[in-house]
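Below, chain A is the first sequence line, B the second, and so on; all start at residue 1.
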Amino acid sequence: DTGVSQNPRHKITKRGQNVTFRCDPISEHNRLYWYRQTLGQGPEFLTYFQNEAQLEKSRLLSDRFSAERPKGSFSTLEIQRTEQGDSAMYLCASSQRSSGANVLTFGAGSRLTVL
Amino acid sequence: GIQVEQSPPDLILQEGANSTLRCNFSDSVNNLQWFHQNPWGQLINLFYIPSGTKQNGRLSATTVATERYSLLYISSSQTTDSGVYFCAVERTGTASKLTFGTGTRLQVTL
């Protein structure tokens, strides 16, 4: 078990460019979550998938954000026309809900800086 | 949505001291996790504890679900305990996301 893997770990981009982050969950986990964390704050929920279905999206996820999880495996989070306010750590987590328990395991995150 | 508040917001301890971190939440929950975020940003799961008491080495946690709070105890603190501690909850009746608290920033000094 290699844990939750996120790439790239760091991304610096200019305002207006598009960026894409990838998350590879723990292989047997059917749930995958994206969170965003800005400096000094706790992580904020963006969206989550159960298998390939996107079941919930936060209002934080504007039209410039899109997430996919083709075939219920890895997931991508794309941000179009980046703005300086998008600068944050983007965290991915996965879980396997069983017997009522839903224990999330987080990746190391992808830090985005928009210049 | 559910509100999660943590206290204290900041804590400075000398190595070897004990501490108690508190998490209050505004609704009934079926999932509660404590995380430690290290200086590199990695969130490490410490406990899954929607109710009851658990211990893992120098750390222990207690959740009193009926009174809507959880406590994290750190004994004999070490400099490696420094970082931010988050409580996160999932409201009962939902089958979705964890909502995170505001965090407690802990600094352990020599």
Side-chain angles (χ1 to χ4, degrees), chain A residues 1 3-6 8-10 23 26 29-51 53-61 67 87-113, chain B residues 1-7 9-10 21 23-25 28-52 54 56 61 63 65 70 72 83-107:
Chain A
D1 180 3
V4 178
S5 176
Q6 291 190 246
R9 293 292 313 280
H10 302 275
C23 173
I26 293 172
H29 285 184
N30 61 356
R31 290 192 166 201
L32 187 148
Y33 301 78
W34 286 100
Y35 282 78
R36 181 173 72 184
Q37 186 177 24
T38 53
L39 200 61
Q41 304 296 314
E44 298 174 292
F45 170 77
L46 292 179
T47 188
Y48 93 97
F49 295 82
Q50 180 154 310
N51 300 313
Q54 189 173 19
L55 295 187
E56 188 173 347
K57 291 194 295 186
S58 162
R59 281 172 288 182
L60 291 174
L61 215 64
S87 295
M89 175 79 90
Y90 290 86
L91 296 162
C92 177
S94 68
S95 71
Q96 175 68 29
R97 196 175 194 95
S98 61
S99 302
N102 186 34
V103 181
L104 274 67
T105 300
F106 279 82
S110 294
R111 185 173 297 280
L112 173 65
T113 302
Chain B
I2 191 167
Q3 304 301 311
V4 185
E5 295 184 353
Q6 292 183 241
S7 59
D10 295 282
L21 282 58
C23 171
N24 291 332
F25 41 94
S28 61
V29 299
N30 58 9
N31 182 356
L32 188 148
Q33 289 182 246
W34 281 97
F35 294 91
H36 174 220
Q37 189 165 42
N38 65 22
W40 298 271
Q42 173 80 58
L43 279 165
I44 308 297
N45 183 31
L46 299 176
F47 293 102
Y48 167 77
I49 187 165
S51 63
K54 289 186 178 179
N56 184 3
T63 297
S70 182
L72 177 68
V84 184
Y85 290 80
F86 288 104
C87 162
V89 303
E90 177 182 331
R91 189 164 56 90
T92 299
T94 67
S96 60
K97 61 186 181 289
L98 287 179
T99 298
F100 280 75
T102 48
T104 292
R105 182 173 300 275
L106 173 65
Q107 183 179 353

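- Proximity to chain B is absent for every atom of E44(A), based on heavy atoms less than 4.5 angstrom apart.
- For the options A93(A), G40(A), P43(A), heavy-atom pairs under 4.5 Å to chain B are most numerous at P43(A).
- In this structure, K97(B) is positioned above the aromatic face of F45(A), its NZ or CZ under 6.0 Å from the six-membered ring centre and within 45° of the axis.
- Going from atom CD of Q37(B) over to atom CG of L91(A) covers 7.0 Å, rounded to the nearest 0.5 Å.
- Across all non-hydrogen atoms, the minimal contact from F86(B) to Q37(A) is CZ-NE2, 3.6 Å.
- Of the atoms belonging to Q41(A), it is backbone heavy atoms, and not side-chain ones, that fall under 4.5 Å from chain B.
- Separation of the F100(B) and Y35(A) ring centroids falls under the 6.0 Å cut-off.
- You'll find the side chain of N45(B) stays beyond 4.5 Å of the side chain of L104(A), heavy atoms only.
- Summarising the geometry, atom CG belonging to L98(B) is positioned 6.5 Å from atom CG belonging to N102(A); distances are rounded to the nearest 0.5 Å.
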